[in-house]
Amino acid sequence: MSFDHYMSDIRTRFAPSPTGYLHVGGARTALFNWLLARQLGGKFVLRVEDTDQERNTEAARKAIFDGLQWLGMDWDEGPDCGGEYGPYNQSERGAIYDRWFAHLQEKGRVYEDDGAWRFRFERKLMTMHDLICGEVSIDYREESNTPDMVVKRSDGSYVFHFVNVVDDLEMKISHVIRGEDHLMNTPKHLQLFEAFDVKPPIYAHIPLILNQDGSKMSKRDAGAAVGEYEQAGYLSGAVVNFLALLGWSPKNEDEIYSPAELIKAFSLEGVNRSPAKFDTEKCAWVNQQHLAPLSPEAFAKASETQFEQLPENYQAMAGSVQEKVRLLSEVPAAIQFYHDKEFPYAPEALEKVAKNAAAPALLNTLAEAWGTLTDWSEAKGEIKAAAVKHEAKPGQLMFPLRVALSGKAGGPDLGDILQILGQEESIRRIQRYLAL
RNA sequence: GACCCGUUCGUCUAAUGGUUAGGACUCCGCCCUUUCACGGCGGCAAUAGGGGUUCAAAUCCCCUACGGGUUGCCA
């Protein structure tokens with residue numbers, strides 16, 4: 001078998017059940033599977049485990065698809081695009097399950113119990129070779145710990161363990177990367193593969209993602225839903241970057257990766273054993289790092305999603321805050337003063353200016369000087385002149401001016417502010433501030 | 001309870017027997033800057049505890065503690 005042939009046999013999958021929104025844990029599981037497939041030139045399969053009719057919703061299904069798409073994880077086979085091993089919704093695969101169940105019956109591996117069918121485990125020591133956890137053994141001779149499992153319910157439906165194994169085998173999945181919560185399920189799945197006389201896939205169990213307080217992150221926790229990240233002003237590439245670094249390390253000191261770079265650098269060997277906590281501060285920092293290299297146009301475009309209605313002259317303003325925000329959601333507030341003539345003053349900014357007793361006099365002098373100015377491009381020079389007149393440093397005037405013009409302690413460069421506001425409006429704002 | 005996995009700065013992590021235990025986020029200080037940032041430099045801060053093995057242990061072994069997972073006719 002040639003190396004190329006081996007590579008093309010790599011098949012990974014993401015198998016969500018559409019019972020809730022795509023959460024970061026699931027997204028990271030999908031990501032590792034996707035990265036491995038893309039790196040090795042294999043296929044990434046999306047299979048929807050929609051056997052739980054009670055809890056499935058169309059909204060959840062859509063949220064999962066949208067979430068994967070937003071993150072840029074494209075799949076080669078799935079319910080929407082089909083593929084050689086479909087259908088890709090478990091709800092449509094009943095006949096396939098019946099066939100494999102019959103196989104189990106023929107071999108005498110199942111028996112009826114209260115109307116349900118149980119799979120008879122082989123009573124032996126089960127040892128698995130996990131790519132991340134190493135060799136793990138669970139003693140199936142200990143029957144009380146490992147009672148025969150139901151594979152077919154009394155209502156005729158099949159349970160997760162059974163359909164999951166059948167699908168992985170039918171879909172020729174080569175590598176299963178899944179959460180550590182499945183580690184104890186793996187011997188059950190291995191026994192099923194053995195009963196089917198099929199070689200099992202290679203397993204890799206990744207540690208779970210925890211909340212800041214150490215509890216398991218579940219769907220209802222804040223920051224758990226992938227959909228929230230776009231709303232919160234994250235670039236999808238930044239979220240992918242951060243998620244990849246949660247539990248995986250490139251073993252060097254680089255931290256900022258594009259998806260393409262991740263595909264190159266990823267390896268299962270670099271995946272940790274211990275669970276990681278989700279740190280929103282660092283996630284925001286990663287986002288800032290992804291925001292910084294964008295062109296002003298790309299930044300403006302990306303931040304447009306944060307407005308219900310785009311302010312006038314938006315393009316001109318957007319670039320001036322690019323390096324001042326970590327999240328795109330901070331953009332509307334950061335540029336509010338540009339288009340809102342009655343913007344509010346931030347209390348802490350006013351407080352800071354109040355410490356400078358000379359500020360009002362300085363501002364007044366500047367406003368007068370600006371009033372007689374014929375060329376607005378010289379406005380900045382007048383700041384220095386006004387300061388000199390009061391025997392003050394320019395910095396003592398610039399901060400109060402910033403607050404007078406924008407109402408905030410931080411924000412765009414003063415030059416940008418002056419240029420966009422213009423002479424008349426700038427003077428008016430100083431007067432408005434002095435009249436407080 | 002039983003079984004399984006884990007434990008390095010507050011957080012994400014590097015170091016697979018020999019390092020002053022490294023980097024990043026956060027925080028603090030300094031520099032750059034007429035403002036705000038960016039950036040640069042520096043600081044605080046960790047091998048859960050106890051026993052072994054070894055010339056030498058974050059690293060290997062055992063015990064304890066703590067955390068997580070599994071233990072369904074959920075997935």
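Here is how names work: the chains are called A, B, and so on, in the same order as the sequence lines, proteins then strands, and each is numbered from 1.
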Looking for any heavy atom pair under 4.0 Å, which part of the strands does A:Asp113 touch: base, sugar-phosphate only, or nothing?
base
Basic-acidic side-chain contact under 4.0 Å: A:Glu261, A:Lys264
no
Rounding to an integer number of angstrom, what distance separates B:rC27 and B:rG1 when you compare their P atoms?
41 Å
Compare side-chain N and O positions of A:Arg273 against OP1 and OP2 of B:rU16 and report whether any pair is under 4.0 Å apart.
no
When you get a sec, tell me which of B:rA15, B:rC73, B:rC25 is the closest nucleotide to the side chain of A:Lys251?
B:rA15
Just call it for A:Gly410: base, sugar-phosphate, or nothing, with non-hydrogen atoms closer than 4.0 Å on any strand.
sugar-phosphate
Nucleotide nearest A:Ala116 (side chain, heavy atoms from C-beta), chosen from B:rG39, B:rU34, B:rC73
B:rC73
When we call it a touch if two heavy atoms are under 4.0 Å apart, what does A:Ala276 touch: a base, just sugar-phosphate, or nothing?
sugar-phosphate
So, is A:Lys277 near the phosphate of B:rU11, with a side-chain N or O under 4.0 Å from OP1 or OP2?
yes
Which of the following nucleotides, B:rC74, B:rC73, B:rA14, is nearest to the side chain of A:Ser154?
B:rC73
Can you tell me how far C1' in B:rC25 sits from the matching atom in B:rC4, rounded to whole Å?
33 Å
G-U wobble or Watson-Crick pairing nucleotide for B:rA46 (cut-off 3.5 Å, both distances):
none
Do the side-chain N or O atoms of A:Thr51 get closer than 4.0 angstrom to the phosphate oxygens (OP1, OP2) of B:rA75?
yes
Do A:Arg326 and A:Glu281 sit within salt-bridge range, that is, some charged N less than 4.0 Å from a carboxylate O?
yes
When we call it a touch if two heavy atoms are under 4.0 Å apart, what does A:His205 touch: a base, just sugar-phosphate, or nothing?
nothing
B:rC73, B:rG69, B:rG22: which one has an atom nearest the side-chain heavy atoms of A:Glu253?
B:rG22
Considering just the side-chain nitrogens and oxygens of A:Asn252, establish if one lies under 4.0 Å of OP1 or OP2 belonging to B:rA14.
no
Step through it carefully: locate the ring centre of A:Phe242, locate the ring centre of A:His290, and say whether they are under 6.0 Å apart.
no
Kindly point out which of B:rU11, B:rG22, B:rC36 is positioned nearest to the side chain of A:Lys324?
B:rC36
Just compare B:rU13, B:rC73, B:rC74 and give me whichever is closest to any side-chain atom of A:Arg55.
B:rC74
Sugar-phosphate only, base, or nothing, as touched by A:Asn185 at under 4.0 Å among non-hydrogen atoms
base
